[in-house]
A.B. asks: 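One structure is given below, represented as structure tokens, and several questions about it will come after.
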Amino acid sequence: MATETNIFQELISHCKEYGYIFQSSELYDGLSAVYDYGQLGAQLKKNLRDEWWKSMTQMHENIVGIDAAIFMHPTVWKASGHVDNFSDPMIDNKDSNKRYRVDHLIEGYAETLDKEAGDAVLAAMDKLIAADDLPGLKALIEEHKIKCGVSKTCNWTDVRQFNLMFSTQIGSVAEEADTIYLRPETAQGIFVNFLNVQKTGRMKIPFGIAQTGKAFRNEIVARQFIFRMREFEQMEMQFFVRPGSQMEWYNYWKDERKKWHQSIGIPADKLRFHDHVKLAHYADAALDIEFEFPFGWKELEGIHSRTDFDLTQHAKFSKKKIQYFDNDLNEEGKPYGNYTPYVVETSVGLDRLFLTVMSLAYTDEKWTKEDGTEDGRIVLKIPAKIAPTKLAILPLLKKDGLPEIAKELMNDCKSNFMCFYEEKDAIGKRYRRMDAIGTPFCVTIDHQTKEDNTVTIRYRDDMRQERIPLADVKKLVMEKLSS
Ligand code: GAP
């Protein structure tokens, strides 16, 4: 019987087999927790990014997008608190020399217990993490005799904090070199550009700045495929608001983001909110939007009310004034005046969103045919508007003028949406391949096309086929994509 774990392993293999995702540097045996997106993966990722970008910058008049550099002045990360605080408690096994993130080690152990016992261990761990009690965490590991997966021993070091930022050198010669960091979040590129954008864009509060881009974290235990990577992509939006109005906007963005996930085909019952119990020192409210991945409910997106912490810190470290002059009138009829805006942040991982879409799309279908034999297919039911290829154009034969008609259709459609042309193999085999890569529509050009200018259109999800005029194909696909 197929278990969730098996299905997840099948999905990983499928992603590789059909050009969605490859292990990075596979030729050299791979680089752990780093992945490359193949020809279809890159297109699906772009479609998701475009949907997000459009929903933020095109559908909200008061949100603009930027593209800040990955490298930033090192003081940015001092000011943001990442140099001092962006760390996770780690523990090493002395026999295998393998390092573990303490929460992952304990979570892994809790999964081996029955629900009640597992929950009790997790509750104890949460309490110790909230209190920054590193010796307490070690005691918990020892009390439960949690073993290293490699050495199978309990010979542990003390628990230590380990900074997750990657550092490198900037400058052409060593003497000039200075240590800089690969950004662990894109948000700081927005904060340091707050005044630039507000002034040049003549933005009035409330307004947002959106950005998508790579972020890097030296995750020690990188697991679950593209769920936790060392190099990943974030889509973040900082919404700058009047102090005191942050909870109103926090609730607005909480609902708005959940609705957006539903708009790209994620069912409401696969999404839930998880309020943070322990708030970061800069936050006055925070929650995760969780998705039910094949390995359980996990964070897909974070919504954080970050107060005025980041702008205040950058003002302090740069010794520059970062404020907004608000000449709207308050309840007393006086201008609000100068203040440091508060920030509500929405932050979703593009790779996690990709995994969400793929987990929902991957379907192993089996049925009994009329003659009693078994049949089946693997199909990726990716919603048409985000599917990498929209239409496959398939001449039934490689002769009799059918490829010419097919290529004419391809030329007519390809500037409107992504098409794929194929003339090799039996038509059934070609349909199966299109199912496996998630192409929502296939059009077959056959001899009847030459007689009456009609084609067969086949719908991926229910395999329905119908005869339509060749001249209607483009219009029909475009209607389906916008519906
Ligand atoms: N600026 C806020 C921030 O970075 P976060 O909760 O650390 O908050 C936001 O990250 C989102 O980025 C997460 O909800 C997740 O989707 C994604 N993310 C974080 N670490 C990741 C990793 N190692 N691999 C893949 N995605 C990650």
Side-chain angles (χ1 to χ4, degrees), residues 21 24 31-35 37 41 45 48-49 52 68 70 72 76-77 79-82 85-88 101 103-104 162-166 181-192 208-239 250 253-254 257-258 260-261 266 271-276 278-283 285-291 293 295 297-307 309-311 313-314 343-359:
I21 298 176
S24 161
L31 187 63
S32 158
V34 188
Y35 292 91
Y37 286 83
K45 205 173 162 198
L48 289 169
R49 191 191 296 111
W52 182 90
I70 287 171
M72 300 183 77
V76 167
W77 306 111
S80 67
H82 283 83
N85 299 320
F86 193 56
S87 50
D88 278 330
R101 239 178 83 170
D103 56 337
H104 292 169
F162 186 91
N163 195 292
L164 298 183
M165 281 196 295
F166 284 104
Y181 298 99
L182 272 70
R183 64 180 180 198
E185 62 170 11
T186 56
Q188 298 304 323
I190 292 178
F191 290 125
V192 301
I209 306 180
Q211 161 162 239
T212 71
K214 287 284 177 110
F216 304 83
R217 295 182 189 177
N218 196 1
E219 301 282 3
I220 292 305
V221 182
R223 294 187 299 188
Q224 286 142 344
F225 194 35
I226 55 168
F227 180 80
R228 196 179 305 284
M229 303 157 87
R230 298 207 164 100
E231 175 181 338
F232 57 99
E233 193 165 334
Q234 288 186 317
M235 305 194 289
E236 299 200 295
M237 194 278 299
Q238 320 297 133
F239 201 69
Y250 176 75
W253 282 110
K254 172 179 165 181
R257 292 303 303 147
K258 187 167 177 228
W260 182 80
H261 287 294
I266 307 175
L271 294 167
R272 71 178 188 193
F273 295 123
H274 169 79
D275 291 315
H276 286 202
K278 187 196 173 199
L279 291 175
H281 56 286
Y282 53 77
L287 63 87
D288 297 334
I289 299 180
E290 293 187 337
F291 170 72
F293 287 96
F295 39 84
W297 287 96
K298 300 272 176 199
E299 174 184 352
L300 167 62
E301 169 154 6
I303 315 281
H304 311 124
S305 173
R306 291 178 77 131
T307 68
F309 174 81
D310 300 88
L311 292 182
Q313 285 293 100
H314 287 306
V343 172
V344 174
E345 165 186 77
T346 73
S347 176
V348 59
L350 178 51
D351 312 271
R352 276 191 200 177
L353 188 62
F354 188 111
L355 186 57
T356 300
V357 168
M358 287 302 245
S359 311

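For ligands, and for the atoms within them, numbers begin at 1 and follow the listed sequence.
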A.B. asks: Tabulated below should be the N or O atoms of ligand 1 paired with protein N or O atoms at under 3.5 Å; can you produce that?
C.D. replies:
unit_1: ligand 1; atom_1: 1 (N); unit_2: E185; atom_2: OE1; d: 2.6
unit_1: ligand 1; atom_1: 1 (N); unit_2: E236; atom_2: OE2; d: 2.5
unit_1: ligand 1; atom_1: 1 (N); unit_2: E345; atom_2: OE1; d: 3.4
unit_1: ligand 1; atom_1: 1 (N); unit_2: E345; atom_2: OE2; d: 2.9
unit_1: ligand 1; atom_1: 4 (O); unit_2: R217; atom_2: NH2; d: 2.9
unit_1: ligand 1; atom_1: 4 (O); unit_2: Q234; atom_2: NE2; d: 3.0
unit_1: ligand 1; atom_1: 6 (O); unit_2: E299; atom_2: OE2; d: 3.1
unit_1: ligand 1; atom_1: 7 (O); unit_2: R217; atom_2: NH1; d: 2.8
unit_1: ligand 1; atom_1: 7 (O); unit_2: R217; atom_2: NH2; d: 3.0
unit_1: ligand 1; atom_1: 10 (O); unit_2: Q234; atom_2: NE2; d: 3.4
unit_1: ligand 1; atom_1: 12 (O); unit_2: Q234; atom_2: NE2; d: 3.3
unit_1: ligand 1; atom_1: 14 (O); unit_2: E299; atom_2: OE2; d: 2.6
unit_1: ligand 1; atom_1: 14 (O); unit_2: L300; atom_2: O; d: 3.4
unit_1: ligand 1; atom_1: 16 (O); unit_2: L300; atom_2: O; d: 2.8
unit_1: ligand 1; atom_1: 16 (O); unit_2: G349; atom_2: N; d: 2.9
unit_1: ligand 1; atom_1: 20 (N); unit_2: R217; atom_2: NH1; d: 3.3
unit_1: ligand 1; atom_1: 23 (N); unit_2: E219; atom_2: OE2; d: 2.9
unit_1: ligand 1; atom_1: 23 (N); unit_2: M229; atom_2: N; d: 3.4
unit_1: ligand 1; atom_1: 23 (N); unit_2: M229; atom_2: O; d: 2.8
unit_1: ligand 1; atom_1: 24 (N); unit_2: F227; atom_2: O; d: 3.4
unit_1: ligand 1; atom_1: 24 (N); unit_2: M229; atom_2: N; d: 2.9

A.B. asks: Compute whether any side-chain donor of one residue and acceptor of the other, for Q188 and H82, lie under 3.5 angstrom apart.
C.D. replies: no
A.B. asks: Please tell me if the side chains of L300 and D288 come closer than 4.5 Å, counting only heavy atoms from C-beta onward.
C.D. replies: no
A.B. asks: Looking only at non-hydrogen atoms, find the nearest pair between A79 and H314 and report the distance.
C.D. replies: CB-ND1, 3.7 Å
A.B. asks: Kindly write out the residues that satisfy salt bridge (charged side-chain N to carboxylate O under 4.0 Å, His left out) with E345, not counting sequence neighbours, or none if the list is empty.
C.D. replies: R306
A.B. asks: Only counting residues at least two apart or in another chain, list the ones meeting side chain to side chain donor-acceptor pair (under 3.5 Å) with N163.
C.D. replies: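 Testing N163 for side chain to side chain donor-acceptor pair (under 3.5 Å), a comparison that skips the adjacent residues, returns none.
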A.B. asks: D351: what forms a side chain to side chain donor-acceptor pair (under 3.5 Å) with it, not counting sequence neighbours?
C.D. replies: Y37
